[in-house]
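Structure first, commentary second.
In what follows, every chain begins at residue 1, and chains take the letters A, B, ... in the order their sequences are listed. Values in this document were obtained by computation on a predicted structure and should not be read as measured data.
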2 protein chains.
Amino acid sequence: MTLYGGQGDPARTMALLWRAHSPAATQATRPRSAPGPKQGLTVDAIIEAAIAVADADGMDRLSMRAVGERLGTSAMALYTYVPSKRELVDLMYDHAHAGWPQAPETGDRRAAVLAWADHLWDRYLRHPWLLQVSYARPVLGPNEQAVLESLLAILDGTSPQHLRAAVSALFHLVRGAAQTATEGRAAAGATGTSDEQWWTERSALLADLAPDFAQRFPHSTGLAGAPSGTGGYDPVSQARHALDGGLRLLLDGLLDG
Amino acid sequence: MTLYGGQGDPARTMALLWRAHSPAATQATRPRSAPGPKQGLTVDAIIEAAIAVADADGMDRLSMRAVGERLGTSAMALYTYVPSKRELVDLMYDHAHAGWPQAPETGDRRAAVLAWADHLWDRYLRHPWLLQVSYARPVLGPNEQAVLESLLAILDGTSPQHLRAAVSALFHLVRGAAQTATEGRAAAGATGTSDEQWWTERSALLADLAPDFAQRFPHSTGLAGAPSGTGGYDPVSQARHALDGGLRLLLDGLLDG
DNA sequence: CGACATTAGCTTACGGCGTACGGAGTTGTA
DNA sequence: TACAACTCCGTACGCCGTAAGCTAATGTCG
């Protein structure tokens, strides 16, 4: 299921997200000199350890205990820096969008949007756990904001009523396609069978269980039999292919319509 | 995070999904007469109880114990009928798509697609937990298949290379918009503040933490200030508005292009 | 009709999770 | 030097999914 973000104390979460940009907050969590032991960790170290765990073992295996262990301490040690796991996930999400490239200066909007989408696709495939964090919440952090800002810069001048729809649609398309791609990839990796083998087994099973499948679902049957373009059964290139086609349709309507 | 589906023993899962259509499988789980006590539950009763729990309390609160309690038994009693929670979620997902309307006979494709999307949007808003179940897995069950089939019937005749892209894009658009809508709705309900109040508080917080926001993100600032059309701050109508716009763009490219 | 094999229902228990609580130890300040 | 503030973290609680195995019910067969 989807992890919800943006909950918990909003002020605390926002302060953590914008801590690098805030004049009030220093990098350290607490005022420069206060009693008590030195802090042994930093929020950034925790975020990076958590991302490393999620990248390596997946979101299901991300636990406070696992992050603590990677840092050589316990789960509870993290709670000095981060209010809860949910806030940590929000921080991970924003951090994984860091270093977003500037929108190009060139006037070729179509190419610029395609490059933007390609970049986002790359992030998702590199950090598939991003797709398990809800993105429907409002943009909260500086790096997420930069992703949106770069798209808005590309689309600058589009009529406002088209703009909101186009922005939503572009995010949804890329995210949905990336989700199809990464889950297909994961399923293939988990079962150990090839993609083609997986489909033939599934088809045989279905033929047993629903002999009337072709009559009941003629169009689906036709689609399954139709040529799927390049890429064969590889779920990643199939999803990428569908994304490219969807983007073309959308941009035809947006830029040329 | 997103619940993955389609795992576990595929044959067992598929048999459960297609049990009503299969000639081999009767409605009962076991052969007609066998020793042992009568079965006190049915798979359907379990699925419906689970859906009721998810509808009422959300996916986070869906547990085998909760479903068992609703049925007046224990969590472990369910395992006679359902191999694991994951399979139960798959069954819930398919069941929630039951009763899908036939594609209309009329030739107005645009209207038919919009009606299809509207219907899907309704399902998602009625059962928001659907959006927390991964949809990137292959279509497995008869009811999910019917949803796809009805869209394919509407789009019959579209060139194959456009068809796959269009189908993916339509699903992604509706699902993404519905996710934005339901999560915004849930956030408002959880905090108890009005949508407008929520935004002003968030803006004030941001102004404190990132005073240079307007300089760093000029386009985002402009978008936030632009008129948002009808619906004001209500996240559901905002998301619906964006969906309608996205569909129009996509269908312009698909049907008129 | 009685013995038995089979099976459903359920209790108990295990290892995991997020995190509340509170004690121990460290440190700047008065 | 005493104190107060603070970090760190061990322990524990209440959840979760579900493995294992017992109990009791039931159809079949001698």
C:dT19 base / A:Arg65 side chain donor-acceptor hit below 3.5 Å: yes
Length of the line joining [X]:[atom1] and [N]:[atom2], which is rounded to integer Å:
X       : N      : atom1 : atom2 : result
A:Met64 : C:dG16 : CE    : C1'   : 15 Å
A:Asp57 : C:dG16 : CG    : C1'   : 15 Å
B:Asp60 : D:dC16 : CG    : P     : 11 Å
A:Tyr79 : D:dG10 : OH    : C1'   : 15 Å
B:Glu69 : C:dC10 : CD    : P     : 13 Å
A:Leu88 : C:dG18 : CG    : P     : 10 Å
A:Lys85 : D:dC16 : NZ    : P     : 16 Å
B:Leu41 : C:dC10 : CG    : P     : 8 Å

Out of [options], whichever nucleotide has its closest atom nearest the side chain of [X]:
X       : options               : answer
A:Thr73 : C:dA8, D:dC9, D:dG17  : D:dC9
B:Ala77 : D:dC9, C:dT19, C:dC10 : C:dC10
A:Ser63 : C:dG18, D:dG10, D:dT7 : C:dG18

What are the two closest heavy atoms between A:Glu144 and A:Asp94, and how far apart are they?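 Smallest interatomic distance, heavy atoms only, reads N-OD1, 3.0 Å.
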Calculate, to the nearest 0.5 Å, the distance between atoms NE2 and CD belonging to A:His172 and A:Gln179 respectively. 12.0 Å
Between the side chains of B:Gln39 and B:Thr80, is a donor N or O closer than 3.5 angstrom to an acceptor N or O?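 Not at all, the side chains of B:Gln39 and B:Thr80 share no donor-acceptor pair under 3.5 Å.
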Which residue lies toward the 5' end of DNA chain C, A:Met76 or A:Ala66, if each is placed at its nearest nucleotide? A:Ala66
side-chain N/O B:Tyr81 vs C:dG9 OP1/OP2, d < 4.0 Å: yes
One thing to verify: whether A:Arg240 and A:Asp234 come together as a salt bridge, which I'm taking to mean a side-chain N less than 4.0 angstrom from a carboxylate O.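 Salt bridge absent between A:Asp234 and A:Arg240.
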Test log, rule side chain to side chain contact (heavy atoms under 4.5 Å, CB included), inputs B:Asp44 and B:Arg19: CA-CA 11 Å; B:Asp44 283 313; B:Arg19 65 199 184 287; 2.4 Å; yes
